[in-house]
Amino acid sequence: MSCSQHTPHPSYWLGTKAMASSSSSMAIITVLAILVLSMGSSSAQLSTNYYSKSCPNVFTAVKSVVQSAVSKEQRMGASLLRLFFHDCFVNGCDGSILLDDTSSFTGEKNAAPNQNSVRGFNVVDDIKSAVEKVCPGVVSCADVLAIASRDSVVILGGPSWNVKLGRRDARTASQAAANNSIPPPTSSLSNLISKFQAVGLSTKDMVTLSGSHTIGQARCTSFRNRIYNETNIDSTFSNTRQGNCPRTSGSGDNNLAPLDLQSPTKFDNNYYKNLINQKGLLHSDQQLFNGGSTDSQVRSYSNNPSSFSSDFAASMIKMGDIKPLTGSNGEIRKNCRRLN
Ligand code: HEM
Ligand SMILES: *[C@@H]1O[C@H](CO)[C@@H](O)[C@H](O)[C@H]1NC(C)=O
Ligand SMILES: *[C@@H]1O[C@H](CO)[C@@H](O)[C@H](O)[C@H]1NC(C)=O
């Protein structure tokens, strides 16, 4: 949220002749202007050309590792994109999700939304090594995730965007914040809206970014209740999914199913078409098209892939702007798994 919405714009003050005429009020104006500018979010310090001098080859280095990892296993593109989401929602895009637990440090990897679920850490290590080779100690792990996410989406056929950079890496992590900030698949529509609002993202951004579920896989434990107990689901679809996800809790919990039954390795708008046909895999997915306020946006994206693409790029940039560490805050980690 920008403070400029709540602070009178400097031109309002300039409009009063009496004040503009005295030099002391000019000083006040200057102070106010600086205040307004400095109160802007620190995301203003991110820029697309951040490494143009210090690491011009960062994009080539990241892309080549992402390319080979996704060629080896297409799901990896989805896994890298999700890592960025789970990083950004927990105290900002600061690489905190990448820190390993140790005997004296509890990170985010074993938080409820992440444990036995998030993956791709070895690929992040490989990307970081490639980047360290071309410019040691320059590029943050948080920025590596931001670039790798964009590359993953592009490689799987989705839109491209210019990635804003200049994030630094956290020296802390929070399991509690990871538990509380990332919405679970049991979420209602109003819960989804409020979790996104809590990080400055709109309901529209929420529906747009959920289109990420056009790629990747979910575990049986994430959708069991939906396929056995819910009524707003296509019966052929639920029968199919029941085939590889036993009713009894504890058995087959980690069996996988594609989030998009039609084209799970292609970044397209089929996710929204599925929702209209009551074939959303997660309870939270189907909440976006269940007679509520977001139905119209789902319908619109299902008919208009190019508006989904351009909105997705814009919302990814917005998500990447969540509370970055800049200036002298944080550090540039050498190894994404541990503090320097
Ligand atoms: C709207 C709220 C969201 C909820 C409730 C949610 C929940 C989930 C769940 C439960 C899974 C499957 C995890 C498992 O069973 O192991 C999943 C997978 C995934 N999510 Fe989300 N998600 C949400 C939003 C997002 C966003 C905003 C993104 C990206 C910008 C995203 C990207 C992904 C991807 C790519 C996968 C597949 C990962 C893989 O195959 O490794 N999700 N999500
Ligand atoms: C986070 O959730 C996990 C799994 O439910 C739980 O074991 C852990 O204690 C929670 N951590 C915190 C700090 O609340
Ligand atoms: C279906 O709902 C009932 C009642 O809430 C619950 O006890 C049961 O565990 C649910 N079944 C599955 C497969 O989730």
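Counting starts at 1 for both ligands and their atoms, following the listed order. Remember, it's a predicted structure, so these values are computed and weren't measured experimentally.
- The closest side-chain donor-acceptor pair between R119 and S79 falls under 3.5 angstrom.
- R337 has a carboxylate O that lies under 4.0 Å from a charged side-chain N of D125, or vice versa, which qualifies the two as a salt bridge.
- Checked against the 6.0 Å centroid criterion, the rings of F308 and Y271 do not qualify as a close aromatic pair.
- Salt-bridge check for D101 with K109: failed, with every basic side-chain N at 4.0 Å or more from each acidic carboxylate O.
- In terms of polar-atom proximity, defined here as any N/O pair under 3.5 Å, N229 does make such a contact with ligand 3.
- For the residue pair D100/T102, the side-chain donor-acceptor check at 3.5 Å is not satisfied.
- Taking each heavy atom of N269 and N303 in turn, the nearest pair found is ND2-N, 4.5 Å.
- In this structure, a donor-acceptor pair under 3.5 Å is absent between the side chains of T236 and N239.
- Classified by interplanar angle (parallel below 30°, tilted 30° to 60°, perpendicular above 60°), the ring pair F89/F196 is perpendicular.
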Provide, line by line, the atom pairs where ligand 1 and the protein bring an N/O atom each to a distance under 3.5 Å; else say none.
residue, atom, partner, partner atom, Å
ligand 1, 15 (O), R219, N, 2.7
ligand 1, 15 (O), R219, NE, 3.3
ligand 1, 15 (O), S222, OG, 2.6
ligand 1, 16 (O), S117, OG, 2.6
ligand 1, 16 (O), R219, NE, 2.7
ligand 1, 20 (N), H213, NE2, 2.9
ligand 1, 22 (N), H213, NE2, 2.9
ligand 1, 40 (O), R75, NE, 2.7
ligand 1, 40 (O), R75, NH2, 3.4
ligand 1, 40 (O), Q217, N, 2.9
ligand 1, 41 (O), R75, NE, 3.3
ligand 1, 41 (O), R75, NH2, 3.2
ligand 1, 41 (O), S79, OG, 2.6
ligand 1, 42 (N), H213, NE2, 2.9
ligand 1, 43 (N), H213, NE2, 3.0

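- Considering backbone and side-chain atoms together, R247 places no N or O closer than 3.5 Å to any N or O of ligand 3.
- No hydrogens or angles considered: nothing links the side chains of R75 and Q217 as a donor-acceptor pair under 3.5 Å.
- The parts of N225 lying near ligand 3 are both backbone and side chain, judged by heavy-atom distances below 4.0 Å.
- Contact detail for T265 and Q74: the closest heavy-atom pair is OG1-OE1, 3.5 Å.
- At a threshold of 4.0 Å, the pair D260-K266 does not count as salt-bridged, since none of the basic side-chain nitrogens sits closer than that to a carboxylate oxygen.
- Near ligand 2, residues A112, Q175, A176, N179 each place a heavy atom inside the 4.0 Å sphere around the ligand atoms.
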